[in-house]
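So you know, we letter chains A, B, ... as the sequences are listed, proteins then strands, and number each from 1. Note that the structure is a prediction, hence the values are computed from the model and not measured.
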Amino acid sequence: MRYNFKNIEKKWQKIWDEKKIFEVKDQEIGKKNYFVLEMFPYPSGMLHMGHVRNYTISDLISRYKKLQGFNVMHPIGWDSFGLPAENAAIKYKKHPKDWTLANINKMKEQLKAMGFSYDWSREITTCLENYYKWNQWIFLKLYEKGLAYRKESVVNWCNKCKTVLANEQVENGKCWRCSSEVVQKSLEQWFFKITEYQEQLLQDYEFIKDGWATRIIDMQKNWIGKSEGTTINFDINNLDENIKVFTTRVDTLYGVTYIVIAPEHEIVNKFITILLKKDNTLAKNIIDFIESVKKQTELDRNMKGKEGIFSGFYAIHPFTNKKIPIWLGNYVLATYGTGAVMAVPAHDQRDYEFAIKNNLEIKIVITPYYNDSNSKNFELKNKAFEEKGFLVNSAEFDNLKSDEAKIKITEKLIFLNKGNFTKTYRLKDWLISRQRYWGTPIPIIYCKKCGIVPIKFDDLPVKLPESVDFTGQGDSPLKYISDFVNVKCPECGNIAQRETDTMDTFVDSSWYFLRYCDSKNDSMPFSKEKTSLWMPVNQYIGGAEHACMHLLYSRFFEKVFVDLGLVDKKAIEPFTNLLNQGMVIKDGNKMSKSKGNIVDPDEMLKKYGADSSRLFILFAAPPHKDLEWNEDSIEGANRFLNRFYRLFDEIFNRKDDSLEQKRNIEQMHNSTIKKILEDYENFGYNTIIATTMEAINFLYKEKDSTNKSQLLNFISDICILISPIVPHITEEIWQKLGNKESIILSKLPVFDSKKAEKDKIIFVIQINGKIRAKYDAKKDEIQENIEKIIFADEKLKTYLENKKILKKVFIKNKLINIVVK
RNA sequence: GCGAGAGUGGCGGAACUGGCAGACGCACUAGACUUAGGAUCUAGCGCCUUUGGCGUGUGGGUUCAACUCCCACCUCUCGCACCA
């Protein structure tokens, strides 16, 4: 017989739903709270396999923790603001809200069909007023604290999405969402001051280093990009100005032969003003150069090589007082450090290339450590020498090692008041303005008289207007809604203008986990009392692609909330354990629409059901690895479940129960429990399934000669153990076995260590590493009778008598080892 | 270039603290049952010159014993990348 997964799965999903079995109270006596969180989906219309895998793993952990006796919260919601809804509105002439809510309904069905154990009573939908109101509330709190500010600066603009992007959302010069080229624009925008927290973000890895993959932490550290060095002030010849440069190699200071500044550097304007009076051609050339660099994308700058132009000005070397030419160069980033570098062509490859191209002086000031005897004769071999070494041609610093010289030189700079030790970070403030409709309105009004005026907390929410035309042309649709834009200033009552930008949707996802703890609160985004019952999240599960976006922003928000007194300090890090599941791959590529290799979860569910799908996904690869999609394997999963059900069915319907209880069944039973419980702790979900299959194979062989209740007892424990993986079929068997309560409310079986001790094991007799014989015995038995056992074997006896036994026989694990000459 | 991870059959992957490499599954082969088999069951399945030998990316080392530890190298994947 085949088990009917369609009926069984539907039946139990309905019962679980009706009994509200997954709804969790904030506290339950005698139980510890455990918060399982998965990255909530964007409601695009259909779950993709990445979601299915992510949520299958989360569901397994949630159900396992329940069986362990925890009070588990496993919530779900919808990250439902964002650009695709707006694009769909333009394309299908459907309102983003309708489109989004319809998608949510569809996807909710899919989630339910997978049998995921969500507490739907805590569901959140970020595009609804009762959520985004609190985005605005949080914005205003940050504004109060000076952590939200408006500033004109050069920002990333995506022409296709028609909005600005945060630095984190630009990948290799392209938009993270649509992959089109990102250009630079100077605009006035809202920022969150994440840089205020950069040091703390680095320090607090202390609290999560055991629970996060080092890869993710490294990615974040890299992104924050802390670097320690020295800032030097270079005076400018015949001009009462100076240029600050940042360097990590101040030991090469005597090798500076020119200065390069970014074309965007503020001093350039001064240069031009002066030059226009003295040297019109040079000024024009410089202006042309700046224009041409502006047109280059990041990629161009990389590809075209280093370009530059002499500014006409000279800097003064702080120690030698020599005149050093100041150049403008396309390879200097305006946004990093001071936007100016001291060029040491002998010891920096970029400067070297630039110097060769522009025929600038190259001066060696470092020689390799091994080159001590003739260090003065050290020569470059068509490239810069970038390693550390001994200083030469550096006056009183000659013969010092690089590290020592860095300190001494900086100390002298400090003495001369020309520089200091500095730390520089790559991280920039988080740009949160978006020129799009489908997002949280920024709660700000601009008044000619009063300037920037925040909305009063009591006046929240600033509602997103619903009747809007989506033409796809021009600016954000919000700009054209005069009711929305033209308002009275809350301060002076005069006509004022509302901010029409909305917030980056990453604002929504930076605190949603806190809302789950207190999802119905209508006076605060969340209460400290409720969040402190659940936070920090015990286990977070999601993809690694969010390392420098969502995961970094959330850490930042959490720290702000702690400082604002909104959450307890014990949750200074929001996610203590993070599991990054691998990607789902088909034909060697990540599943995606553009690759055309999508597998529709609906089809999978229809053909094989939820349990088979879950089993397949967990069995095919360990959770952190990429998973290769294989249609044949899912059939294998389905086959196994049928086999399992058939085994149960056959034993269950057997009339005769007079057979003996068997020791080997008891042993297998016990060791199966042990292995599976261990694997749950080590994320070895694929081997849990392998162990279960072994047990089932074993039972098939033994069933006809074994006591019925002993067999059913074993099957019952298997059901509990694998119910987090295949909840429906196990619940069905569990109930047939006569249990009244749901299997979800049961407890994990316990491994009996006393029983295991007495085991008979197969011992292997190994001589010089080669296996010579096997022997079946109890451990203590064999320890006493080693010689008898060995010499009972004639062949072995002769062999050993011919050789000389060198070391005493010893036993380890399942091995008797003899060392001979 | 910098940072992280990984290399084991035809494939996905097992192997706890160094202790029978290839568990479990897929694919494949043969057989059984069957009107039928794409259901199910049984057996086989790393390679070779098969009473034996060789095998965990390559080359060395430690050890009675190495996928596992040490040294050198190769390859692949991912992340970052003109960051001064």
Look at the side-chain N and O atoms of Arg426(A) and state whether any lies under 4.0 Å from the OP1 or OP2 oxygen of C80(B).
no
Are Lys294(A) and Glu264(A) close enough, and set up right, to give a salt bridge (charged side-chain N to carboxylate O under 4.0 Å, His left out), and what steps lead you there?
-> CA-CA 9 Å; Lys294(A) 263 189 194 166; Glu264(A) 299 90 342; over 6 Å; no
Does a side-chain heavy-atom distance below 4.5 Å link Thr692(A) with Leu721(A)?
no
What contact category does Glu628(A) fall into here, base, sugar-phosphate, or nothing, at under 4.0 angstrom with non-hydrogen atoms? nothing
When Asp351(A), Ile356(A), Thr257(A) are each screened for side chain to side chain contact (heavy atoms under 4.5 Å, CB included) with Ile362(A), the one that passes is Ile356(A)
In whole angstroms, the gap separating P of C41(B) from CG of Asn642(A) amounts to 10 Å
Looking only at atom P, what distance separates G37(B) and A30(B), rounded to whole Å? 14 Å
| query | So, is Asn686(A) near the phosphate of G25(B), with a side-chain N or O under 4.0 Å from OP1 or OP2? | reply | no
Q | Ring centroid separation Trp327(A) to Phe354(A) under 6.0 Å | A | yes
side-chain N/O Arg639(A) vs C26(B) OP1/OP2, d < 4.0 Å
yes
Check every strand shown and say whether Asp626(A) touches a base, only sugar-phosphate, or nothing at a heavy-atom separation below 4.0 Å.
-> sugar-phosphate
>> Under a 3.5 Å distance rule, please check whether Ser394(A) uses its side chain to pair with a backbone N or O of Tyr254(A) as donor and acceptor.
In response: no
Within-4.5 Å side-chain heavy-atom neighbours: Ile364(A) and His347(A): yes
Are Arg215(A) and C80(B) close enough that a side-chain N or O sits under 4.0 Å from OP1 or OP2? no
- Task: Return no unless some side-chain N or O of Asn630(A) is found under 4.0 Å from OP1 or OP2 of G25(B).
- Result: no
Margin query: Would you say Arg643(A) places a side-chain N or O within less than 4.0 Å of OP1 or OP2 belonging to A39(B)?
Written below: no
Writing each nucleotide of RNA chain B 5' to 3' as (, ), [, ], | or . by Watson-Crick or G-U pairing under 3.5 Å yields (((((((..(((......[....))).(((((.......))))).(((...)))..(((((..]....))))))))))))....
By nearest-heavy-atom nucleotide on RNA chain B, the more 5' of Lys625(A) and Gly636(A) is Lys625(A)
Asn580(A) and Ala213(A) have their tightest heavy-atom pair at OD1-CB, 4.2 Å
Taking A4(B), C41(B), G25(B) as options, the one with an atom nearest any side-chain atom of Phe619(A) is G25(B)
